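The model shown is predicted, which means the values in this text are computed figures rather than measured ones. Sequence positions, counted from 1, serve as the residue numbers for this chain.
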Amino acid sequence: MSATVSTPPPASGPEPDAGAVAPAGPGAGRGGRGGRVVWRRFAANRAAVVAAGIVGLLVLVAVLAPLLAALEGQDPTTFHDALIDSGRGGVPLGSFGGISADHWLGVEPTTGRDLFARVVFGARVSLGVAIGATVLQVLIGVTVGLAAGVGGRLVDSVLGRFIDLILAFPGLVFSIALLAIVPSSFPRPVLLVVVLGVLGWAGVARIVRGQTLTLRETDYVAAARLAGVHPVRVARREILPGLAAPVLTYAALLLPGNVVAEAALSFLGIGVRPPTSSWGQMLSTATTWFRGDPTYVLIPAVLLFVTVLAFTLAGDGLRTALDPRAKARVQGQRQGRGRAS
């Protein structure tokens, strides 16, 4: 369902993930100086900056969807039968799917609904589900991973096995079964957020647990524990700030996976349903029109591709900015393979 780490640390060992961001000391990531350093590193990556700009534009489009549709003078649910050629099976009249001054991206086949309005409102659903699911995954993953890392050996063992169980769980099959039996009256976007969030937090928990086990051995955490500070306070005041970098990085990489997951479930017909629009639901209905109206297929497909690529590049840039040693490790591995060959 969602992206998982490729080389996670063993559930019973103290080693963190090899690709995770190095832990920081207390207060890491806080303060203007640290933020400026991270921003300079991020700004040096032009691809990541462009990708972040595209992500910001997409989020802005989703937020301003009603205003943009009103600016065009259309809405996503009104049928325009006069713009459909019923003699050709419902193909829009005009070239490129009926693009005109009144319908900036044309109209939907068979219904004549304005495609631009459905695209901008679909962005609100697709991105809203992806962001909501990512937030839920991070909240659950950080809670479970932190509890496993700061708990005793028994707690760590139990939660470690539970994390392994969730990672091995067939999430796609369970999602299909659950979404198929839930009453249609339940809001589908909310249901998608819950399903994707509940089934996709294990990767976050695995990273948080590994980083927590490493941070436990640092001097400032050991000093707090020896001073008799309550374990909950140690976790909140000393360990949690050091988890900000790896959690933010992994969350940025989870987002594109959740965008694809929402699109896939809607494409299968068990996610968002008409008249609510999402890019995956639009692709599901567009598959039969790739010859009669290719514009209707290309628009949501290109938007999904650009969105996933932008989130991925921005997340990779954030990872490099927060952990500059990651790029050096990758370059060293490539040089080593080049000398070996």
Side-chain angles (χ1 to χ4, degrees), residues 1-5 62 65 76-77 79 108-111 113 118-145 158-206 250-251 253-289 296-297 300-301 303-304 307-308 311:
M1 292 298 301
S2 59
T4 56
V5 288
T77 58
F79 285 39
E108 190 179 51
T110 70
T111 65
R113 291 179 295 194
R118 294 188 65 77
V119 163
V120 295
F121 275 92
R124 169 174 286 193
V125 174
S126 297
L127 295 181
V129 168
I131 294 173
T134 301
V135 171
L136 186 58
Q137 290 168 352
V138 169
L139 290 176
I140 299 175
V142 169
T143 302
V144 176
V158 172
L159 291 180
R161 300 289 80 77
F162 183 56
I163 294 172
D164 292 339
L165 176 64
I166 297 298
L167 284 173
F169 195 77
L172 179 60
V173 176
F174 182 79
S175 299
I176 293 174
L178 180 62
L179 292 170
I181 63 176
V182 172
S184 58
S185 59
F186 194 90
R188 286 284 160 167
V190 176
L191 181 60
L192 284 172
V193 168
V194 173
V195 170
L196 294 176
V198 170
L199 296 178
W201 56 265
V204 180
R206 178 64 66 86
Y250 194 68
L253 298 177
L254 276 176
L255 271 166
N258 288 327
V259 171
V260 173
E262 183 278 327
L265 292 173
S266 297
F267 179 83
L268 293 174
I270 55 176
V272 177
R273 296 176 178 176
T276 304
S277 64
S278 78
W279 294 344
Q281 185 264 329
M282 292 172 63
L283 272 179
S284 176
T285 58
T287 52
T288 57
W289 297 98
Y296 184 47
V297 182
L303 285 172
L304 275 172
T307 301
V308 172
F311 272 117

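- For the pair Glu262 and Ser278, the minimum side-chain heavy-atom distance is below 4.5 Å.
- Here the CG atom belonging to Leu178 is positioned 11.0 Å from the CD1 atom belonging to Ile176, to the nearest 0.5 angstrom.
- Residues Leu254 and Val204 meet the side-chain proximity criterion, which asks for heavy atoms closer than 4.5 Å.
- The two residues Val193 and Ala133 have their closest heavy-atom pair at CG1-N, 3.8 Å.
- To the nearest 0.5 angstrom, Tyr250 atom OH is 8.0 Å from Leu253 atom CG.
- Counting all heavy atoms, side chain and backbone alike, Leu265 lies closest to Ser175 at CD2-CB, 4.4 Å.
- In this structure, the separation between CG on Asn258 and OG on Ser126 is 11.5 Å, given to the nearest 0.5 Å.
- Shortest non-hydrogen contact noted between Arg113 and Phe79 is CD-CE1, 3.7 Å.
- Under the rule for a ring-ring contact (aromatic ring centres under 6.0 Å, His included), the partners of Phe174 that lie at least two apart in sequence or sit in another chain are Phe169.
- Under the rule for a salt bridge (charged side-chain N to carboxylate O under 4.0 Å, His left out), Arg188 has no partner lying at least two apart in sequence or in another chain.
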Note to self: Show, in sequence, the C-alpha distance, side-chain angles and deciding distance for Val260 and Phe267, and conclude whether the side-chain contact (heavy atoms from CB on, under 4.5 Å) test is met.
What the structure shows: CA-CA 10 Å; Val260 173; Phe267 179 83; over 6 Å; no
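- Shortest non-hydrogen contact noted between Arg118 and Pro76 is NH1-O, 2.9 Å.
- Thr134 OG1 to Trp201 CH2: the interatomic distance, rounded to the nearest 0.5 Å, is 16.0 Å.
- Smallest separation of non-hydrogen atoms from Val125 and Pro189: CG1-CG, 4.3 Å.
- Two residues are said to be in side-chain contact when any heavy atoms from C-beta on lie closer than 4.5 Å; Leu304 and Val259 meet this criterion.
- Looking at Arg206 and Asp164, their side chains come closer than 4.5 Å, going by heavy atoms from C-beta outward.
- Taking both residues in full, the closest heavy atoms of Ala205 and Ile163 are given as CB-CD1, 3.7 Å, listed atom of the first, atom of the second, then distance.
- Remark: the backbone N or O of Leu196 is paired with a side-chain donor or acceptor of Gln137 at under 3.5 angstrom.
- The side chain to side chain contact (heavy atoms under 4.5 Å, CB included) test with Val138 singles out one residue from Ile140, Val142, Val135, Leu136, and that residue is Val142.
- In this structure, Trp289 CH2 and Thr110 OG1 are separated by 5.5 Å, a value rounded to the nearest 0.5 Å.
- Glu108 and Thr111 form a side-chain donor-acceptor contact under 3.5 Å, judged by distance and modelled atom types alone.
- Proximity of a side-chain donor or acceptor of Ser266 to a complementary backbone N or O of Gly280 within less than 3.5 Å is not detected.
- Taking the side chain as every heavy atom from C-beta outward, Trp279 and Thr307 approach each other to under 4.5 Å.
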